[in-house]
Number of protein chains: 2
Amino acid sequence: MHTQLSIIDTLKKHNLSVTDARKNILSLFSQSGNALAHADIEQTSSAEFDRVTIYRTLQTFVEKGIIHTIPSSDNSVRYALCKDECAAGNHHHNHIHFICDNCGITYCIDQITVPKIQLPQGFKASQTDLIVSGTCNKCEQ
Amino acid sequence: MHTQLSIIDTLKKHNLSVTDARKNILSLFSQSGNALAHADIEQTSSAEFDRVTIYRTLQTFVEKGIIHTIPSSDNSVRYALCKDECAAGNHHHNHIHFICDNCGITYCIDQITVPKIQLPQGFKASQTDLIVSGTCNKCEQ
DNA sequence: ACGCCATTGCAACTTTGTTGCAAAATATTT
DNA sequence: AAATATTTTGCAACAAAGTTGCAATGGCGT
Ligand SMILES: [Zn+2]
Ligand SMILES: [Zn+2]
Ligand SMILES: [Zn+2]
Ligand SMILES: [Zn+2]
């Protein structure tokens with residue numbers, strides 16, 4: 001149990017220089033709480049950065065273990081903050097993800113862990129993603 | 001236990017007119033055995049169709065329940081033949097998928113089923129995808 | 001405050017995906 | 001088998017998404 005690191009501390013902890021773009025984009029993730037796609041960030045007026053900067057920032061954050069990717073079937077990869085201690089180039093999450101078909105919100109469901117999969121002979125797992133889609137608790141009526 | 005439907009029979013069974021593009025692309029899936037991305041089909045010299053035709057054919061096949069999508073984190077959705085009886089607009093698979101980080105081959109692992117997930121209150125699942133990545137049995141040394 | 005190095009924005013480009021429409025191919029009817 | 005109706009295809013034109021090189025800017029250590 002440790003206190004939430006500030007935006008700036010998080011960047012410094014991962015050996016990144018503190019720039020407007022990084023502070024802004026990282027705080028977007030903090031504030032939103034949910035996963036964001038590139039397009040979400042680009043369309044957020046509060047963060048007006050060049051598209052290229054957003055691409056590079058997201059890539060850097062993934063490499064440094066600040067955010068993780070969430071696979072999708074719609075050619076729109078989403079990103080969410082890593083909550084545990086993910087090292088650079090070495091993510092280890094075991095929570096599942098939920099994508100709402102209705103509102104599009106993508107959730108990290110930390111309470112539910114991905115089960116261990118016994119693969120056929122010769123297959124070695126390095127990462128397992130479990131993505132559930134359906135209707136979220138805000139959209140059910 | 002029933003015999004494998006021919007390419008043409010499969011198309012007719014799903015109320016699709018039998019065209020060169022559909023026969024060709026469907027047989028690509030049969031022959032390959034594994035999942036294919038749009039780019040794989042476009043680059044296969046045996047199937048020389050307009051990009052637009054490939055997009056539309058894949059979309060039609062998904063809608064008719066002939067192929068299913070496999071989410072990915074690299075903005076490259078893959079498609080694979082449905083083996084069970086998937087109805088139009090109503091896929092029900094429960095096998096997992098494996099994506100090899102080395103050779104890129106994407107496998108449907110039919111022997112392993114996706115576990116039932118107990119979601120938090122208010123969340124309703126319509127589909128669950130489990131994707132394992134790592135090294136496949138052809139790439140291990 | 002200075003200088004070095006990393007980061008950003010811009011421009012130009014490639015790749016990927018979409019839409020409308022006429023021509024061609026397929027299916028259906030006679 | 002031919003004529004007609006319907007569907008599918010390819011093309012063109014476009015929109016959106018992602019990449020690369022480079023000069024200008026801004027952050028960081030001294
Ligand atoms: Zn929702
Ligand atoms: Zn997550
Ligand atoms: Zn492999
Ligand atoms: Zn599959």
Side-chain angles (χ1 to χ4, degrees), chain A residues 6-28 35-67 69-79 88-89 104 106, chain B residues 6-28 35-64 66-67 69-79 88 104 106:
Chain A
S6 81
I7 300 292
I8 292 176
D9 290 339
T10 303
L11 291 174
K12 285 184 176 163
K13 180 190 156 200
H14 290 90
N15 292 311
L16 291 175
S17 43
V18 178
T19 68
D20 281 354
R22 288 174 179 167
K23 279 189 289 186
N24 247 284
I25 293 174
L26 185 50
S27 69
L28 274 185
L36 300 172
H38 175 97
D40 296 326
I41 297 170
E42 201 173 325
Q43 284 152 24
T44 302
S45 52
S46 72
E48 291 216 344
F49 300 100
D50 194 87
R51 277 175 341 107
V52 179
T53 301
I54 298 175
Y55 282 117
R56 295 197 266 225
T57 302
L58 290 172
Q59 188 185 307
T60 302
F61 284 0
V62 170
E63 283 165 0
K64 292 289 186 175
I66 297 173
I67 59 179
T69 57
I70 301 161
S72 82
S73 286
D74 62 356
N75 282 322
S76 167
V77 178
R78 283 133 230 230
Y79 303 86
T106 300
Chain B
S6 80
I7 301 291
I8 292 177
D9 290 340
T10 302
L11 291 173
K12 285 185 176 161
K13 180 189 156 199
H14 290 89
N15 292 310
L16 290 176
S17 43
V18 178
T19 68
D20 281 353
R22 288 174 179 165
K23 280 189 288 186
N24 246 285
I25 293 174
L26 186 49
S27 69
L28 273 185
L36 300 172
H38 175 97
D40 296 325
I41 296 170
E42 201 173 324
Q43 284 153 24
T44 301
S45 53
S46 73
E48 291 216 345
F49 301 100
D50 194 85
R51 278 177 338 107
V52 179
T53 301
I54 298 174
Y55 282 116
R56 296 196 266 225
T57 302
L58 290 173
Q59 188 185 308
T60 302
F61 284 0
V62 170
E63 284 164 359
K64 292 289 186 175
I66 298 174
I67 59 178
T69 58
I70 302 161
S72 81
S73 285
D74 63 354
N75 282 322
S76 168
V77 177
R78 284 132 230 231
Y79 303 85
T106 300

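All chains are named by letter (A, B, ...) in the order of the sequence lines, taking the proteins before the strands, and each is independently numbered beginning at 1. Computed over heavy atoms, backbone and side chain alike; hydrogens, waters and symmetry mates excluded.
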Calculate the interatomic distance between A:K64 atom NZ and C:dT7 atom C1'; express it in whole Å.
-> 13 Å

side-chain hydrogen bond (donor to acceptor under 3.5 Å, both in side chains) filter on B:D20, not counting sequence neighbours, yields none

How close or far is atom C1' of D:dT9 from atom CD1 of B:I41, stated in whole angstroms?
-> 16 Å

Let me have a per-nucleotide readout for nucleotides 11-22 of chain D, 5' to 3', with B, S or -, counting only protein heavy atoms under 4.0 Å.
-> BB----BBBBB-

Kindly determine whether A:I66 and A:L16 satisfy side-chain contact (heavy atoms from CB on, under 4.5 Å), including the steps that lead there.
-> CA-CA 11 Å; A:I66 297 173; A:L16 291 175; 3.8 Å; yes

Taking only residues two or more places apart in sequence or in another chain, which ones pass side-chain hydrogen bond (donor to acceptor under 3.5 Å, both in side chains) with B:D9?
-> B:S6

Would you kindly give the CZ-to-P distance between B:R22 and D:dG10, to the nearest whole Å?
-> 12 Å

Those residues at least two apart in sequence (or on a different chain) that pass side chain to side chain contact (heavy atoms under 4.5 Å, CB included) with A:K12 are A:I8, A:V18

Do any pairs count as a side-chain hydrogen bond (donor to acceptor under 3.5 Å, both in side chains) and have a residue in residues 51-62 of chain B, sequence neighbours left out, and if so which ones?
-> B:Q59-B:E63

Applying side chain to side chain contact (heavy atoms under 4.5 Å, CB included) between B:L36 and each of B:I67, B:I41, B:L58, report the one that passes.
-> B:I41

How close or far is atom P of C:dT7 from atom CG of A:L11, stated in whole angstroms?
-> 11 Å

Nearest heavy-atom contact between A:I54 and A:E42 is CD1-CA, 3.8 Å

Could you state the CZ-C1' distance from B:F49 to C:dA23, rounded to the nearest angstrom?
-> 17 Å

As a check of understanding: the bend across the helix from C:dA1-D:dT30 to C:dT30-D:dA1, end axes from five pairs, rounded to 10 degrees, works out to 40°

Within the distance-only criterion (no hydrogens, no angle test), does the side chain of A:S76 pair as donor or acceptor with the backbone N or O of A:S72 below 3.5 angstrom?
-> no

Non-neighbouring partners of A:S73 that pass side chain to side chain contact (heavy atoms under 4.5 Å, CB included), sequence neighbours left out | B:T69, B:P71

Indicate for each nucleotide in nucleotides 25-30 of chain C, in 5' to 3' sequence, whether protein heavy atoms under 4.0 Å reach the base (B), only the sugar-phosphate (S), or nothing (-).
-> -SS---

How far apart are the closest heavy atoms of A:R78 and A:G104, and which atoms are they?
-> NH1-O, 3.7 Å

By side chain to side chain contact (heavy atoms under 4.5 Å, CB included), A:T19 pairs with (sequence neighbours left out) A:S17, A:A21, A:R22

